[in-house]
Amino acid sequence: MVEASPPEASPPEASPPEAIPADAAPLLQLSGVETSYGLSRVLFGVSLALGNGEMVSLLGRNGMGKTTTVRSIMGLTPAASGSIRFRGAEIRTLPAYRVAKLGIGLVPEGRQVFPNLTTRENLMATAANRAGAPDPWTLEKVCALFPRLAERARSMANLLSGGEQQMLAIGRALMTNPRLLILDEATEGLAPAIRDEIWRCLQNLRAAGQSILVIDKNVDALMRIADRHYIIERGRVVWSGSSQALAAEPDIQHRYLGV
């Protein structure tokens with residue numbers, strides 16, 4: 001077998017990737033990241049950046065490399081080449097547990113709560129304040145953010161609804177007091193009322209200064225609350241820009257995000 005080659009296509013008629021302002025040091029920066037599953041290359045030189053206190057989205061159709069980008073950041077599927085820097089330090093070759101300890105909290109696709117633990121036990125299992133935050137996330141603060149979790153504190157996680165499990169997954173990540181929160185498919189499969197609650201939560205977190213990288217298909221909601229966006233197509237970043245810029249380019253939305 002030989003390594004899969006990238007599909008041949010004419011260069012996309014889109015803006016080149018935008019970086020954060022030059023006077024702001026990035027919290028997270030990917031440069032030329034390439035990642036494979038076996039002999040099949042998935043990411044082809046992905047570059048993106050996220051600043052302190054920013055909320056940035058990673059957009060694209062299914063199978064375009066969004067989750068692989070997240071897995072590369074977290075060390076779950078190590079990148080073959082390129083650079084992944086967090087707070088100025090190279091993390092591309094670090095194992096996943098060390099990446100997490102540096103202050104990156106992940107809300108994975110599919111939630112992946114601990115089914116045989118109660119809601120409260122799920123939250124307490126990840127509690128840590130390694131960065132010494134002066135006002136850290138606690139059980140009480142998470143339950144104030146998501147009152148349903150307080151109501152279901154003694155319920156086993158596998159008995160929660162899908163929306164409650166997503167709240168639990170977000171709360172569990174927040175209990176690590178992350179410098180960067182990553183959400184993969186933040187509202188997938190949730191009822192409209194629950195989706196709205198998740199968006200309100202993320203908007204509140206952003207307003208409080210939490211740095212967030214989010215993957216979701218709800219472009220309208222993301223344009224309302226996110227600072228900037230990256231669109232990934234077949235393992236490459238083909239467009240990046242602000243919410244205002246994305247709203248002004250319906251052709252880009254249709255070309256890369258339409259069904």
Only pairs at least two apart or in different chains count here, so list each salt bridge (Lys or Arg N to Asp or Glu O under 4.0 Å) that has a residue in residues 75-94.
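Sorted result for residues 75-94: Arg85-Glu90.
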Step by step, would you call Thr68 with Val46 a side chain to side chain contact (heavy atoms under 4.5 Å, CB included)?
CA-CA 11 Å; Thr68 300; Val46 168; over 6 Å; no
Grouping I, L, V, M, F, W and Y whenever their side-chain heavy atoms are under 4.5 Å apart, do Phe114 and Leu159 come out in a common cluster?
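They do not share one cluster, since no chain of ILVMFWY contacts under 4.5 Å joins Phe114 to Leu159.
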Cluster check Met156, Val113: I/L/V/M/F/W/Y, side chain < 4.5 angstrom
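Different clusters.
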Measure across [X] and [Y] and return the closest heavy-atom pair with its distance rounded to 0.1 Å.
{"X": "Leu222", "Y": "Met55", "answer": "CD2-CE, 4.3 Å"}
{"X": "Pro115", "Y": "Asn158", "answer": "O-OD1, 3.4 Å"}
{"X": "Leu168", "Y": "Leu160", "answer": "CD2-CD1, 3.8 Å"}
{"X": "Pro178", "Y": "Leu174", "answer": "CD-O, 3.6 Å"}

Ignoring hydrogens and angles, tell me if any N or O in the side chain of [X] forms a donor-acceptor pair with the backbone of [Y] under 3.5 Å.
{"X": "Glu54", "Y": "Gly51", "result": "yes"}
{"X": "Asn177", "Y": "Trp137", "result": "yes"}
{"X": "Arg195", "Y": "Leu190", "result": "yes"}
{"X": "Thr126", "Y": "Arg172", "result": "yes"}
{"X": "Arg206", "Y": "Gly53", "result": "no"}
{"X": "Thr176", "Y": "Ala173", "result": "yes"}
{"X": "Glu34", "Y": "Ala79", "result": "no"}

Atom CG in Leu181, atom CD1 in Ile212: separation rounded to 0.5 Å?
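Rounded to the nearest 0.5 Å, the CG-CD1 separation comes to 5.5 Å.
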Which distance, rounded to the nearest 0.5 Å, do you find between the CG of Leu246 and the OG of Ser57?
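Separation between the atoms: 7.5 Å.
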Set out, in order, the CA-CA distance, both residues' side-chain angles and the distance that settles salt bridge (charged side-chain N to carboxylate O under 4.0 Å, His left out) for Asp184 and Arg71, then state yes or no.
CA-CA 10 Å; Asp184 191 355; Arg71 291 182 62 86; over 6 Å; no
Side-chain H-bond candidate by donor/acceptor type, [X] with [Y], under 3.5 Å:
{"X": "Tyr230", "Y": "Thr69", "value": "no"}
{"X": "His229", "Y": "Ser243", "value": "yes"}
{"X": "Asp216", "Y": "Thr187", "value": "yes"}
{"X": "Ser72", "Y": "Thr35", "value": "yes"}
{"X": "Thr118", "Y": "Arg154", "value": "no"}

Test: Glu185 and Lys217 ion pair at under 4.0 Å
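Yes, charged N to carboxylate O under 4.0 Å.
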Please step through side chain to side chain contact (heavy atoms under 4.5 Å, CB included) for the pair Ile232 and Leu43, ending with a clear verdict.
CA-CA 9 Å; Ile232 190 167; Leu43 300 185; 4.1 Å; yes
Residue Lys141 excluded, over 12 heavy atoms near NZ under 6.0 Å
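It does: Lys141 NZ has more than 12 such atoms within range.
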Side-chain polar contacts of residues 145-152 - donor-acceptor pairs under 3.5 angstrom, sequence neighbours left out - could you list them?
from, atom 1, to, atom 2, distance (Å)
Arg152, NE, Ser155, OG, 3.1
Arg152, NH1, Glu164, OE1, 2.9
Arg152, NH1, Glu164, OE2, 3.3

After noting the C-alpha distance and the side-chain angles of Thr119 and Asn122, does the key distance pass the side chain to side chain contact (heavy atoms under 4.5 Å, CB included) rule?
CA-CA 5 Å; Thr119 296; Asn122 265 270; 5.8 Å; no
When you look at Glu233 and Trp239, which way does the side chain to side chain contact (heavy atoms under 4.5 Å, CB included) test go after all the steps?
CA-CA 9 Å; Glu233 172 84 1; Trp239 187 93; over 6 Å; no
